Amino acid sequence: MTILDASIRDLHTKIRDKEIKPSELAEAALQRIEESDNKIKAYLTVTAEQALAHAKKLDNLPDGEIPLLYGIPGAIKDNMCTEGIKTTCASQILANYIPPYTATAVKKLNEQNYVLAGKTNMDEFAMGSSNENSSFFPTKNPWDPERVPGGSSGGSAATVAAGHVPFSLGSDTGGSIRQPASYCGVVGMKPTYGLVSRFGLVAFASSLDQIGPFARNVEDTAAVLQAIAGYDKMDSTSAKVEIPNYLAALNGDIKGLRIAIPEEYFAEGIDPEVAARVKEAIKVLESQGAIVEEVTLPHTKYAVACYYLLAPAEASSNLARYDGVRYGVRAEDAENLIDMYKKTRAQGFGAEVKRRIMLGTYALSSGYYDAYYLRAQKVRTLIKQDFDKVFEKYDVVVSPTAPTVAFKSGEKSHDPMTMYLNDIYTIPVNLAGLPGISVPCGLAHGMPVGLQIIGKAFSESTILKVAHAYEQQAKLNLRPALAGGVRS
Ligand code: GLN
């Protein structure tokens, strides 16, 4: 145990009561990163100097109350803009990009005076499920370095699992927070579309992208969500909703709560060990007074195909801006303007990003638009209606987060189709714009399994409450050996 293993609330109390200084905490985090990140490679940039300088200033506590995240170290996925600090999206095309502004979600953390430890590795432009698409290096799973941490927010999940920092931010377009959280044995949450501002998040698929927190327990996750949620005039899709007190919702009372279990999420393809852990977790919820019933989400089988049309279509449009003129890298050896565009994009983007740009451009091209893009939009509506119907009668939907535990590096990277199928339980949630959380629910084959809890739009309090009730009852406290933990 070191001080970094404490919860955010405990650290907050210790800072407030002057038992520990923010600079001591920052030093501990940076030391732990130095000790183990050569094995995990969660970071693209460690902001050691700035972190220490910032934390030193915070040692002088202001008068009155300090915010919950005051002096707490955290990490940010490298697709969120941080003024003056490199933001690469793990892409060569943004290898030198230093943003002149900070993403709203990060700004909100800054307002609480959290301490930035660094920017985390990811699949290039958030396209991937394993971190193997980072153009710099792959991140390893702290539970087993031969396995992937998941993706695309693999660095953010791994750094929390490794005990470097108590929390991090990731982004989730089709599962990129929940799946790595599941693979690394931490909590990860994708909020309702529009709850957290996307301003300053480098766009992948704008109708699906959402920023959300990773932490080691549900209460810390709620604390970080509280800090980053809220309306922002800089994001036209930001929702004007009242932000409730998420921490107050964690009262453990799920008696009479109605839980729906979608039969399609336990169908062919799921590892039986994973299914067993999830079913045991559902029993725990039942023992706490929840009412559990099976339901059907009949359009689930179209979700992966629908997503892999819509997301690449939006990506092809969003990534058109990387032309060598405005951002990042420009090809040197071009003969004319068109040649410069071509060479910049050919050299700057990796294979998966190119694949998606081509798929998306094709789906949007005239003559094919109705057959692919428009039809996928209609399927998206059907998937959303499946959920609407279930939520008429139930409070939450509970399922596995992913069909397997973390797979071995290289196991799926040669076959994009099997990689895409891994997102089967997370993608529908993005398509429907709903909130979802992944909470650890045990081990299968020695690796963590995630329980996914999905709620109605803007019912973050409910899914946090269910996740917290489960966590308190199950008392798993899963920690990889590398972070000094015992496998329990
Ligand atoms: N794995 C999915 C993809 O490759 C989801 C990525 C994400 O949520 N950013 O698109």
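Source: prediction; values computed, not measured. Ligands are counted one by one from 1 in listed order, and the atoms in each one are counted from 1 as well.
- The CD1 atom of Ile40 sits 9.0 Å away from the OG1 atom of Thr139 when rounded to the nearest 0.5 Å.
- Listed by number with element, the atoms of ligand 1 under 4.0 angstrom from any heavy atom of Tyr307 are 2 (C), 3 (C), 5 (C), 6 (C), 10 (O).
- Which parts of ligand 1 touch Gly174 is read off a 4.0 Å heavy-atom cut-off, strictly below it: atoms 5 (C), 7 (C), 8 (O).
- For ligand 1, the atoms sitting less than 4.0 Å from at least one non-hydrogen atom of Ala126 are 6 (C), 7 (C), 9 (N), numbered in the order shown with element in parentheses.
- Contact annotation for Asp423 and ligand 1: only side-chain heavy atoms (C-beta onward) come within less than 4.0 Å of the ligand.
- Looking at ligand 1, you won't find any N or O of Asp172 less than 3.5 Å from one of its N or O atoms.
- Of all the heavy atoms of Phe125, none lies under 4.0 Å from any atom of ligand 1, so neither backbone nor side chain is involved.
- The distance from atom CG of Asn318 to atom CZ of Phe204, rounded to the nearest 0.5 Å, is 9.5 Å.
- Looking at Ser171 next to ligand 1, no N or O pair under 3.5 Å apart turns up.
- Between Lys107 and Glu111 there is no salt bridge, since no side-chain N of the basic residue sits under 4.0 Å from a carboxylate O of the acidic one.
- Results of the side chain to side chain donor-acceptor pair (under 3.5 Å) test with Thr87 over Thr45, Asn79, Thr82 single out Thr82 as the only residue that passes.
- Scanning all protein heavy atoms for the shortest distance to atom 6 (C) of ligand 1 gives Ser176 OG, 2.8 Å.
- The ligand atoms of ligand 1 that sit less than 4.0 angstrom from a heavy atom of Phe204 are 9 (N), 10 (O).
- Centroid-to-centroid, the aromatic rings of Tyr101 and Phe199 come within less than 6.0 Å.
- Around atom NZ of Lys354, more than 12 heavy atoms belonging to other residues, nucleotides or ligands sit under 6.0 Å away.
- Of all the heavy atoms of Arg356, the ones lying under 4.0 Å from any atom of ligand 1 belong exclusively to the side chain.
- Listed by number with element, the atoms of ligand 1 under 4.0 Å from a non-hydrogen atom of Tyr308 are 1 (N), 2 (C), 3 (C), 4 (O), 10 (O).
- Considering backbone and side-chain N/O atoms, Gly175 comes within less than 3.5 Å of an N/O atom of ligand 1.
- Within ligand 1, the atoms closer than 4.0 Å to a non-hydrogen atom of Ser152 are 9 (N), numbered from 1 in the order shown.
- The backbone N or O of Gly151 lies less than 3.5 Å from no partner atom in the side chain of Asp123, so there is not a single donor-acceptor pair.
- In this structure, CG on Asn38 lies 13.5 Å from OH on Tyr43, to the nearest 0.5 angstrom.
- Between the CD1 atom in Ile383 and the CG atom in Asp388 there is a gap of 12.0 Å [rounded to 0.5 Å].
- Residue Gly128 approaches ligand 1 through these ligand atoms, each under 4.0 Å from one of its heavy atoms: 1 (N), 2 (C), 3 (C), 4 (O), 6 (C).
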